[in-house]
Amino acid sequence: MAEKNRVFVVLDPTCMEQAALEWGEQIARQFGASQDTVLHVYCCVNEDSVAMVATDDSAHAQVETEKRVRAWVDRLVVQPRADGLEVETEVEWHHDWRKAIVVAAERAGSALVVKNMNQHTRFVRMVRETSDWTLIKECHCPVLLVKTGRPYGIEKVLVAVKHSDEDAYEKANDDILAAARRITADLGATLHAVTAFSGTDTHPDRQRFADRCGLERAQVSADMGAPKKVIADTAKRLSADLLVIARVASAGSSKEMGSTAKKVVDEIDTEVLVLPVGS
């Protein structure tokens, strides 16, 4: 019996709009029939994220609060179940919900994690670990971060390719380009590629870069500047619907895994798919 593909949707109990659930449903609908896909809807709560049921007994308050959250989650999945989707729900109480999401996604055998994108100031990112960054750094499967209020629909995909002469990045670039091509083919979208270089780098040959990506010259961009700015500016100029970016660090490097992906999240006004790839 073939293993099922789980689209792991992270609910935000502090938010009225659940963009991640809307996107997760659409992805499951689009690929469910041919790829045996399950929609796994997950919510992690604690006393800081939800209003507790009023009672003098803290243990009883936790039990009753979890029941209330489960009832809310069950209401959210009535329609997808009625539409014929296979839906699993999971509610967990945990003091560190950021870490709990990563563990739960791994436990469920997730093929994809979908979560609301939470934009924060640079100061907030600096002083505390956020859930987006925790997922990008630690999750072993692709992570899709979506914006609240944006309807599902992908017509133009932008893939960020690392400009480097290091052999260590060649496999990572191969992997992310192959994944981006599969995504665009499955969605019937068009693919564009971007790379950033610094003043100390060799200026990339745009035609060679296009050939490397298997794209037309007009579909690639190579600009000087900080990767996060070049990627964000290119996505805005192209009106890209989805950015595909790798989470990678070269072997033996002191650079934090997924550092560019983490920086791009707060710079870009589009959905971001972070792929863990080898280097």
Side-chain angles (χ1 to χ4, degrees), residues 3-11 19-32 34-42 88 90 98-118 130-147 150 152-154 156-162 169 171-187 189 191-194 231 235 240-249 256-265 268 270-279:
E3 186 176 345
K4 296 187 177 184
N5 295 301
R6 280 175 170 76
V7 178
F8 187 95
V9 171
V10 181
L11 295 181
L21 179 57
E22 295 171 16
W23 276 67
E25 284 181 37
Q26 293 299 330
I27 291 168
R29 285 190 179 97
Q30 187 157 5
F31 299 105
S34 62
Q35 299 184 21
D36 202 10
T37 300
V38 177
L39 185 66
H40 188 104
V41 181
Y42 171 85
E88 301 169 341
E90 180 181 0
R98 298 173 185 86
K99 298 286 187 182
I101 293 171
V102 176
V103 175
E106 182 81 9
R107 183 172 63 235
S110 307
L112 173 69
V113 172
V114 188
K115 182 186 174 298
N116 287 4
M117 184 189 300
N118 297 321
T130 63
S131 55
D132 294 345
W133 281 23
T134 301
L135 274 176
I136 289 171
K137 185 173 65 175
E138 299 182 13
C139 195
H140 293 148
C141 70
V143 175
L144 175 62
L145 300 173
V146 301
K147 299 275 188 176
R150 189 190 302 274
Y152 176 80
I154 300 172
K156 191 177 290 185
V157 176
L158 176 65
V159 59
V161 178
K162 174 73 174 178
Y169 282 101
K171 184 180 185 304
N173 284 336
D174 287 341
D175 289 348
I176 195 168
L177 283 166
R181 282 192 284 267
R182 287 194 301 271
I183 291 166
T184 52
D186 287 342
L187 297 174
L191 180 61
H192 295 256
V194 60
I231 293 168
D241 300 303
L242 175 70
L243 169 69
V244 180
I245 188 168
R247 184 202 73 176
V248 62
E256 185 180 15
M257 206 172 208
S259 59
T260 300
K262 286 167 58 174
K263 292 173 184 175
V264 165
V265 168
I268 198 164
T270 188
E271 276 58 49
V272 180
L273 177 63
V274 183
L275 300 179
V277 298
S279 62

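The analysis underlying the following values was restricted to heavy atoms, covering all of them including side chains, and did not include hydrogens, waters or symmetry mates. Bear in mind that the values here come from a model prediction, so they are computed numbers and not experimental data.
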When you measure from the side chain of Ser110 to the backbone of Phe8, do you find a donor-acceptor pair of N or O atoms at a distance under 3.5 Å?
no
Closest heavy-atom pair and its distance - Cys141, Ala111:
CB-O, 4.1 Å
Decide, yes or no, whether a salt bridge links Glu90 with Arg107 under the criterion of side-chain N to carboxylate O below 4.0 Å.
yes
Sub-4.5 Å side-chain heavy-atom contact between Tyr42 and Val113
no
Check whether any side-chain heavy atom of Val161 sits under 4.5 Å from a side-chain heavy atom of Val194, and report yes or no.
no
About how many Å separate CG of Asn116 and CD of Glu22, when rounded to the nearest 0.5 Å?
9.0 Å
Can you tell me how far the CD1 atom of Ile245 sits from the CG atom of Leu275, to the nearest 0.5 Å?
9.5 Å
Is it the case that the side chain of Glu271 and the backbone of Lys147 share a donor-acceptor pair, with hydrogens and angles ignored and the cut-off at 3.5 Å?
yes
Looking only at non-hydrogen atoms, find the nearest pair between Ile176 and Ala246 and report the distance.
CD1-N, 3.0 Å
In the structure I gave you, are the side-chain heavy atoms of Val143 and Leu145 within less than 4.5 Å of one another anywhere?
yes
NE2 on His192 to CG on Leu158, rounded to 0.5 Å:
8.0 Å
Take Asn173 and Val277 through the side chain to side chain contact (heavy atoms under 4.5 Å, CB included) test and state the conclusion after the steps.
CA-CA 9 Å; Asn173 284 336; Val277 298; over 6 Å; no
Rounded distance (nearest 0.5 Å) linking atom NZ of Lys115 with atom CD1 of Ile101:
6.0 Å
Where the side chain of Arg247 meets the backbone of Pro142, is there a donor-acceptor pair that is under 3.5 Å apart?
no
Got Asp175 and Leu177 here, is their nearest side-chain heavy-atom distance under 4.5 Å?
no
Side-chain contact, heavy-atom cut-off 4.5 Å: Met117 with Val265?
yes
With heavy-atom distances below 4.5 Å as the criterion, would you say the side chains of Leu191 and Arg181 are in contact?
yes
Atom NZ of Lys263 and atom CD1 of Ile268: how far apart are they, to the nearest 0.5 Å?
15.0 Å
Given side chain to side chain contact (heavy atoms under 4.5 Å, CB included), test Leu11 with Val41 step by step and report yes or no.
CA-CA 7 Å; Leu11 295 181; Val41 181; 3.5 Å; yes
To the nearest 0.5 Å, what is the distance between CD1 (Ile231) and OG1 (Thr270)?
12.5 Å
Minimal non-hydrogen separation, Ala20 against Val10, with atom names:
CB-O, 3.8 Å
Within the distance-only criterion (no hydrogens, no angle test), does the side chain of Asp241 pair as donor or acceptor with the backbone N or O of Lys156 below 3.5 angstrom?
yes
Is there side-chain contact between Val272 and Val244, with heavy atoms separated by less than 4.5 Å?
no
4.5 Å side-chain heavy-atom contact, Leu243 and Leu273:
no
Is it the case that the side chains of Tyr152 and Gln30 hold a donor-acceptor pair, with the cut-off being a distance below 3.5 Å and no angle test?
yes
Of all residues at least two apart in sequence or in a different chain, which pass the side chain to side chain donor-acceptor pair (under 3.5 Å) check with Glu106?
His140
